[in-house]
Amino acid sequence: MFPIYNILNIHKRNLKLTNMKQPFTASSSSSSLIRKARLSPYLFTLLAFIVFVAILYGEDFVCLLGQLDPNLDRLATRSEKRWEKLPFSIGKTPDGCDLFSGRWVWDDSTRPLYEESECPYIQPQLTCQEHGRPDKDYQYWRWQPHGCDLPRFNATLMLETLRGKKMMFVGDSLNRGQYISMVCLLHKLIPEGQKSMETFDSLTVFTAKEYNATIEFYWAPFLLESNSDNAIVHRISDRIVRRGSINKHGKNWKGVDIMVFNTYLWWMTGLRMKVLQGSFEDETKDIIELSTEDAYRMAMKSMLRWARKNMDRKKTRVFFTSMSPSHAKSVDWGGEAGLNCFNETTLINNATYWGSDCRKSIMEVIGDVFSKSKFPITFLNITQLSNYRKDAHTSIHKRQWNPLTPEQIANPVSYADCVHWCLPGLQDTWNELLFAKLFYP
């Protein structure tokens with residue numbers, strides 16, 4: 001499995017909840033043998049020197065290990081020790097439990113977590129049953145980590161934690177899907193007349209009045225200012241991002257208690273990205289081209305810099321959701337050339353499957369930047385587990401914004417949406433992982 005970069009912030013805050021037990025159970029047990037071994041004076045001296053350097057240089061030593069260690073999962077575990085107790089945490093994930101490594105298991109007793117018809121906040125682009133999908137199998141799969149269990153989503157705990165607070169999802173339409181999923185997971189506990197959803201340009205706000213809480217989504221597909229920032233009209237092929245412009249959107253994010261960022265899909269326009277060095281208002285624009293990886297690195301550093309300046313690490317949490325895979329090429333999983341996710345109803349069973357649309361170079365950028373961060377951030381690595389779910393896309397079962405042509409109708413593969421996900425479905429699992437990392441890091 002591709003490395004997971006899970007850089008956690010651990011800071012002092014005690015959330016007092018009665019009768020709450022750590023919900024993790026081990027699915028397997030192991031024992032270890034301790035053997036005595038003699039150390040030569042030379043080896044002992046070397047080990048003592050390494051320990052001395054680790055203590056002296058702290059974070060730099062961790063980063064060095066990350067560069068040497070091909071399995072950065074272990075780097076992530078070591079890096080957790082850099083921080084104190086995380087805000088909102090009431091327990092911890094057992095040692096050796098990697099929530100992002102596992103398998104999908106059929107579960108028609110506890111899935112789905114809600115019904116499509118019961119959540120009026122799902123956008124018509126994601127209501128697959130309403131738009132004619134004949135099967136519901138995609139709703140009954142549950143993520144099972146290896147060696148432990150994923151904590152059950154507790155809507156009551158989540159809402160009580162959000163009392164008097166603000167949670168915000170910032171990014172593109174995939175992050176908006178995760179946002180809508182979170183609203184659907186919570187709204188049934190809120191009485192009618194005590195909840196509302198409003199949209200103001202780039203900002204959508206769900207309000208739970210009884211809890212004095214809001215769950216919000218802010219459209220910023222690059223996080224930085226770009227020429228694709230219009231929340232309605234943003235289908236621009238020649239995309240440009242503006243260097244050093246995080247505050248253009250960031251001024252609307254202040255005061256958030258739990259932040260969930262994402263950005264990936266909109267960067268995938270090729271191997272190069274146009275970067276504006278001045279202002280979009282300049283008559284003559286100074287535009288340079290960077291590799292996609294360098295431009296993405298620029299955005300990640302800007303995001304972390306904004307978080308460091310505007311988020312209180314002792315009271316708030318910041319999450320980053322990894323790239324969401326698409327399934328536009330069936331040859332990736334051994335299918336026929338020219339096909340995609342259309343009519344796919346089964347999962348990919350190859351544990352090492354990695355779609356051609358998911359750039360590992362981008363994951364490496366994230367791992368490098370996050371490992372050197374001075375601000376704690378929790379990485380939600382949903383990429384590998386989502387890679388298996390070619391069955392869960394909206395495909396043709398969604399609202400079409402433009403009338404279909406006769407050619408499209410004759411060839412559904414040509415307009416199948418293999419990017420976005422049906423709700424309820426896969427993105428509910430993303431929020432189960434977010435829940436687990438929020439309360440049991």
Side-chain angles (χ1 to χ4, degrees), residues 1-8 10 20-32 71-80 86 88-113 138-155 157-158 178 181-182 185 260 317 319-325 347-355 358 363 366-367 377-392 421 424-441:
M1 181 171 294
F2 192 70
I4 298 169
Y5 311 97
N6 184 17
I7 312 303
L8 298 176
I10 305 181
M20 290 303 300
K21 295 183 178 180
Q22 192 164 317
F24 282 94
T25 58
S27 59
S28 63
S29 61
S30 61
S31 61
S32 61
N71 187 347
L72 293 183
D73 295 350
R74 284 173 283 177
L75 170 62
T77 301
R78 286 193 295 268
S79 299
E80 294 177 13
L86 283 159
F88 307 113
S89 66
I90 60 175
K92 69 173 185 176
T93 300
D95 293 340
C97 173
D98 181 357
L99 295 178
F100 305 105
S101 176
R103 68 189 190 283
W104 290 99
V105 297
W106 181 262
D107 183 356
D108 56 5
S109 60
T110 67
R111 308 285 133 162
L113 298 178
Y138 64 95
Q139 298 183 6
Y140 296 118
W141 292 100
R142 174 174 56 80
W143 181 247
Q144 177 62 57
H146 296 310
C148 56
D149 294 321
L150 189 62
R152 191 178 183 88
F153 188 91
N154 186 328
L157 173 59
M158 192 72 195
Q178 186 176 358
S181 164
M182 179 62 75
L185 288 166
V260 185
R317 291 287 297 277
F319 295 83
F320 186 86
T321 304
S322 68
M323 65 184 78
S324 174
L347 280 63
I348 294 173
N349 293 319
N350 179 3
T352 62
Y353 173 79
W354 188 268
C358 294
M363 293 288 270
I366 296 171
I377 186 166
T378 301
F379 186 71
L380 298 176
N381 189 0
I382 55 84
T383 305
Q384 184 69 73
L385 63 92
S386 303
N387 256 309
Y388 305 135
R389 297 303 306 275
K390 61 182 172 66
D391 64 309
W421 310 94
L426 171 66
Q427 291 187 298
D428 302 320
T429 297
W430 297 4
N431 280 322
E432 288 182 288
L433 291 162
L434 171 59
F435 175 90
K437 285 299 184 180
L438 178 64
F439 293 111
Y440 307 98

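Quick note: residue numbers are just sequence positions, from 1.
Partners of T429 under the side-chain hydrogen bond (donor to acceptor under 3.5 Å, both in side chains) rule, at least two apart in sequence or in another chain, do not exist in this structure. Residues meeting the salt bridge (Lys or Arg N to Asp or Glu O under 4.0 Å) test with D108, sequence neighbours left out: none. With sequence neighbours excluded, the residues satisfying side chain to side chain contact (heavy atoms under 4.5 Å, CB included) with D107 are S109, T110, R111, R142. Not counting sequence neighbours, the partners of F320 by the ring pair (Phe, Tyr, Trp, His ring centres under 6.0 Å) test are F370. By the side-chain hydrogen bond (donor to acceptor under 3.5 Å, both in side chains) test, W141 pairs with no residue at all, sequence neighbours left out. In terms of the ring pair (Phe, Tyr, Trp, His ring centres under 6.0 Å) criterion, Y353 has no residue partners (sequence neighbours excluded). Taking the side-chain hydrogen bond (donor to acceptor under 3.5 Å, both in side chains) definition, one finds that N431 meets it with Q178, S181, sequence neighbours left out. Every residue meeting the ring pair (Phe, Tyr, Trp, His ring centres under 6.0 Å) condition with Y140, not counting sequence neighbours, appears here in chain and number order: W106.
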Would L426 and W104 count as a side-chain contact (heavy atoms from CB on, under 4.5 Å) if you check the C-alpha gap in whole Å, the side-chain angles of each, and the deciding distance to 0.1 Å?
CA-CA 11 Å; L426 171 66; W104 290 99; 3.5 Å; yes
Could you walk me through whether M182 and L434 pass the side-chain contact (heavy atoms from CB on, under 4.5 Å) check?
CA-CA 10 Å; M182 179 62 75; L434 171 59; 3.8 Å; yes
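For the atom pair CG (N381) and CG (D98), the distance works out to 8.0 Å, reported to the nearest 0.5 Å. Rounding to the nearest 0.5 angstrom, the gap separating the CD atom in Q427 from the CD atom in E432 is 13.0 Å. In this structure, R152 CZ and L113 CG are separated by 7.5 Å, a value rounded to the nearest 0.5 Å.
Formation of a donor-acceptor pair under 3.5 Å by the R389 side chain with backbone atoms of Y138 is found in this model. No donor-acceptor pair closer than 3.5 Å links the side chain of W143 to the backbone N or O of F100. A donor-acceptor pair under 3.5 Å is absent between the side-chain atoms of Y388 and the main chain of N349, judged by distance alone. Side-chain atoms of W354 come within 3.5 Å of backbone N or O of C358 as a donor-acceptor pair. One N or O on the side chain of S322 and one on the backbone of I382 form a donor-acceptor pair closer than 3.5 Å. Under a 3.5 Å cut-off, the side chain of T383 and the backbone N or O of M323 do form a donor-acceptor pair. A donor-acceptor pair under 3.5 Å is formed between the side chain of N387 and the backbone N or O of G355. Remark: side-chain polar atoms of R317 are not paired, donor with acceptor, to backbone N or O of S89 under 3.5 angstrom.
When side chains are defined from C-beta on, Q144 counts as touching D149, because their heavy atoms get closer than 4.5 Å.
Side-chain contact, S324 with S386: no donor N or O sits under 3.5 Å from an acceptor N or O.
Of all heavy-atom pairs between P325 and W421, the closest is O-CZ2, 3.2 Å. Considering every non-hydrogen atom in both L99 and P145, the closest pair reads O-CG, 3.7 Å. Nearest heavy-atom pair across Q384 and A351 is NE2-O, 3.9 Å.
Results of the ring pair (Phe, Tyr, Trp, His ring centres under 6.0 Å) test with F153 over F435, F439, W430 single out F435 as the only residue that passes.
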